[in-house]
Amino acid sequence: MMKAGSFHGSLNWKRTHYTTEIAPDLDGKEVVLTGWIKEVRDLGGIKFLILRDKEGTVQITIPRDEVEEHLIKIAESLQRQDCVSVRGVVRRMDKAPRGVEVIPRSIMLLNSAKQPLPIDITGKTPADIDVRLDARILDLTREENQAIFRIRHAALEAIREFFSKNGFIEIHTPKIIATATEGGANLFPVAYFEREAFLAQSPQLYKEQLVIDFEKVYEIGPTFRAEKSHTRRHLTEFISIDIEEAFATAEDVMEVAENLLQHVCKVINERCSRELEILKHKVEVPSIPFKRLTYDEIVNELRDLGVKISWGEDIPTVAYRTLGRLHPYFYFIIDWPTHLKPFYIKPRDDKPEISEGFDLMWHWIEIASGGTRIHKKELLIKRMKEQNLNPESFKYHLQVFDYGMPPHAGWAIGLERLIMMLTGVKNIREVVLFPRDRFRLVP
RNA sequence: GCCCUGGUAGUAUAGCCCGGUCUAGUAUAGGCGGCUGUCGCCCGCCCGACCCGGGUUCAAAUCCCGGCCAGGGCGCCA
């Protein structure tokens, strides 16, 4: 038997199983587990350690009269978050969690954790989000967080599967840019050698240009907004899921969006039932098509409920909250007044004061926005001027419109807001590993 | 940019309104001891805190002012 706690025989700590693979039918088998101590319950003559690895947990049981004296000593020294390798024998045991436990033959301490830890990694004494984010690496060991990020992973996987199957190619556009993409403010300036540059707030212009080459493109990437918002649904850095499709209209890409969301909800239900259970959350698979409500209908509905909005005004947050109660789950808002939408959104041919832009709502939260784009250079320049943007600063974008720009449409979904919907968490920072907001820049 | 709320041990909280009874209570983590079936184990002992500065007062965790930090909301947005 190896001398416990030593490192001779450098591969002795190599894992044979993950914790979740330890099942009653392995009774009697010797296994090596590696991971971290999550909890210690010492009853004197018998000690219980909960070992965590990336898959889950298993109980390590140390009965005094069944193991050697030196092992008792090591077990007594173990504390939360110590990194260990455990060689032991699986035992079927009704009284143990999942009906199985491991009786150790040797335990190697690979690294100890400094006590006391800044947060309770078992989650029994809850900590505020600010404290948890300061100790984010420890916080992420908690099973709720493991569940959130597994769902995030599964959602991204499902999204990529969906796009691939539907003929979209994944692109990456620059995040360091020379000028504002959608005009105006809210860009983070960066020192780019001797020049000033900015962090991209959206891949909008690049993805539009690329439809000439690839027709159907999507990008899943970071976007940056220097907005001083401080709410549970805003970040300064977030992941945007963007698509752009040639020879398509707003209606075409709305169908892509609803099909995608339905697919993602299905996949999460199928592949993440354990995670959803941990989060005590249910994902309802939406039926399609989603409701399409016009801006006029929304304004009228709100008026009937006493929320007055004159035509052409943007919808304030309080009004969205009211709308969310009226239309639980997904719905589109279409036929927006043109002047409320960005310059590249196409005005309707028959009624130019109305645009072909849309928003996709989930309850009261905007999850996506998009529309048919302008593909005629003259109209695009006209719209830029109407929004007080200087066409000169968009010359590289505009020149592409001389190269046979097709009619096209697209949208952008905020990944984090989608994950909020899939996990049921109330604060967007919960679904980002290291969130950035107006005040938080570390860790 | 604006508005609201809050800052008490590693963590989460009580106390604050109505100043003295606070050598600041509790839980959990941590330390020591005990305990052979725990799964929020249990029991005993111990360690550990009033954000900073100024003011009012005989007396400030408590009231007032300023600062810093945090949470939430509005506007804007995904």
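For the numbers below, each heavy atom of this structure counts, side chains included, while hydrogens, waters and symmetry mates do not. Every chain is numbered from 1, with letters handed out A, B, ... down the list of sequences.
In this structure, the CG atom of A:Leu117 is 14 Å from the P atom of B:rA12, given to the nearest Å. Following rounding to the nearest Å, A:Arg132 (CZ) and B:rU11 (P) show an atom-to-atom distance of 14 Å. Rounded to an integer number of Å, the gap from A:Asp120 CG to B:rA12 P is 11 Å. Atom-to-atom, CG of A:Asp314 to C1' of B:rC77 comes out at 10 Å; the value is rounded to the nearest Å. Atom pair A:Ile367:CD1 and B:rC77:P shows a separation of 17 Å (rounding to whole Å applied). A:Ile129 places its CD1 atom 8 Å from the P atom of B:rG71, with the value rounded to the nearest Å. We find that CD1 of A:Ile428 is positioned 16 Å from C1' of B:rG71, with the value rounded to whole Å. Between the CD1 atom of A:Ile121 and the P atom of B:rU28 there is a distance of 17 Å, given to the nearest Å.
Projected onto RNA chain B by closest heavy-atom contact, A:Pro116 and A:Asp128 fall at different nucleotides, the more 5' of which corresponds to A:Asp128. When the nearest nucleotides of RNA chain B are assigned to A:Gln59 and A:Arg80 by heavy-atom distance, the more 5′-ward of the two goes with A:Arg80.
Considering only side-chain atoms of A:Arg225, the nucleotide from B:rA78, B:rU36, B:rU38 that sits closest is B:rA78. Side chain of A:Arg41, nearest nucleotide from B:rU36, B:rU38, B:rG72: B:rU38. For A:Gln115, whose side chain is taken as the heavy atoms from C-beta onward, the closest listed nucleotide among B:rG30, B:rA78, B:rA70 is B:rG30. In the set B:rU38, B:rG72, B:rA78, the nucleotide with an atom closest to the side chain of A:Pro97 is B:rU38. Nearest nucleotide to the side chain of A:Asp130, out of B:rG37, B:rG71, B:rC77: B:rG71. The side chain of A:Phe48 has B:rG37 as its nearest neighbour among B:rC76, B:rG37, B:rA78.
Under 4.0 angstrom from either OP1 or OP2 of B:rG71 there lies at least one side-chain N or O belonging to A:Arg429. The phosphate of B:rG31 (OP1 or OP2) has a side-chain N or O of A:Gln79 nearer than 4.0 angstrom. For B:rG71, neither phosphate oxygen OP1 nor OP2 lies less than 4.0 angstrom from any side-chain nitrogen or oxygen of A:Asn427. In this structure, A:Lys228 reaches the B:rG1 phosphate: one of its side-chain N or O atoms is under 4.0 Å from OP1 or OP2. Here A:Arg232 reaches the OP1 or OP2 of B:rG73: one of its side-chain N or O atoms lies under 4.0 Å away. Between A:His234 and B:rA78, a side-chain N or O to OP1/OP2 separation shorter than 4.0 Å is absent. In terms of phosphate contacts, A:Arg321 brings a side-chain nitrogen or oxygen within less than 4.0 Å of OP1 or OP2 of B:rC74. Under 4.0 angstrom from either OP1 or OP2 of B:rG34 there lies no side-chain N or O belonging to A:Lys47. Put simply, A:Ser202 has no side-chain N or O that comes within less than 4.0 Å of OP1 or OP2 on B:rA78. A sub-4.0 Å separation between OP1 or OP2 of B:rC69 and a side-chain N or O of A:Arg438 is absent.
The residues A:Glu430 and A:Arg232 are annotated as not salt-bridged, no charged nitrogen and carboxylate oxygen being separated by less than 4.0 angstrom. Between A:Asp134 and A:Arg440, at least one side-chain N (NZ, or NE/NH1/NH2) sits under 4.0 Å from a carboxylate O, which counts as a salt bridge. Salt bridge annotation for A:Asp139-A:Arg132: present, with a cationic side-chain nitrogen under 4.0 angstrom from a carboxylate oxygen. Classification of A:Asp359 and A:Lys341 as a salt-bridged pair holds, one side-chain N sitting under 4.0 Å from a carboxylate O.
Residue A:Glu227 is in base contact, counting any heavy-atom pair closer than 4.0 Å across all strands shown. Counting any heavy atom pair closer than 4.0 Å across all strands shown, A:Asp42 reaches a base atom. Residue-level contact check: A:Ile119 touches neither bases nor backbone, having no heavy atom under 4.0 Å from any strand. Among the protein residues, A:Ile413 comes within range of no part of the nucleic acid, since none of its heavy atoms lies under 4.0 Å from any strand.
Nucleotide B:rU21: unpaired (no Watson-Crick or G-U wobble partner with both distances less than 3.5 Å). Pair assignment for B:rC16: none, as no Watson-Crick or G-U wobble contacts are both less than 3.5 Å. Base pairing analysis places B:rC63 opposite B:rG55; the two distances defining the Watson-Crick or G-U wobble pair are each below 3.5 Å.
Open room surrounds NZ on A:Lys73; 12 or fewer heavy atoms of other groups in view lie less than 6.0 Å from it.
The two residues A:Cys272 and A:Ala154 come nearest to each other via the heavy atoms SG-CB, 3.6 Å.
Straight-line distance between the P atoms of B:rU8 and B:rU13: roughly 9 Å, to the nearest whole Å. Annotation: B:rC35 and B:rC41 have their C1' atoms spaced 10 Å apart (nearest Å). B:rA70 and B:rG31 are spaced 31 Å apart, taking the C1' atom of each and rounding to whole Å. Distance check on atom P: B:rU11 versus B:rC74 gives 30 Å, rounded to whole Å. Going from the C1' atom of B:rC16 to that of B:rU62 covers 4 Å, rounded to whole Å.
Contact of A:Arg64 with B:rG37 (side chain to base): no donor-acceptor pair of N or O atoms is detected under 3.5 Å. Put simply, the side chain of A:Arg417 and the base of B:rC77 share a donor and an acceptor less than 3.5 Å apart. With hydrogens and angles ignored, a donor-acceptor pair closer than 3.5 Å exists between the side chain of A:Glu101 and the base of B:rG37. Between the side chain of A:Ser229 and the base of B:rC77 there is no donor-acceptor pair of N/O atoms closer than 3.5 Å. No N or O donor and acceptor, one from the side chain of A:Thr125 and one from the base of B:rG40, sit under 3.5 Å apart.
A ring-centre distance under 6.0 Å is found for A:Phe394 and A:Phe343. Note: A:Tyr218 and A:Phe163 meet the aromatic proximity criterion, with ring centroids under 6.0 Å apart.
Judged by distance alone, the side chain of A:Glu313 and the main-chain N or O of A:Ser310 form a donor-acceptor pair under 3.5 Å.
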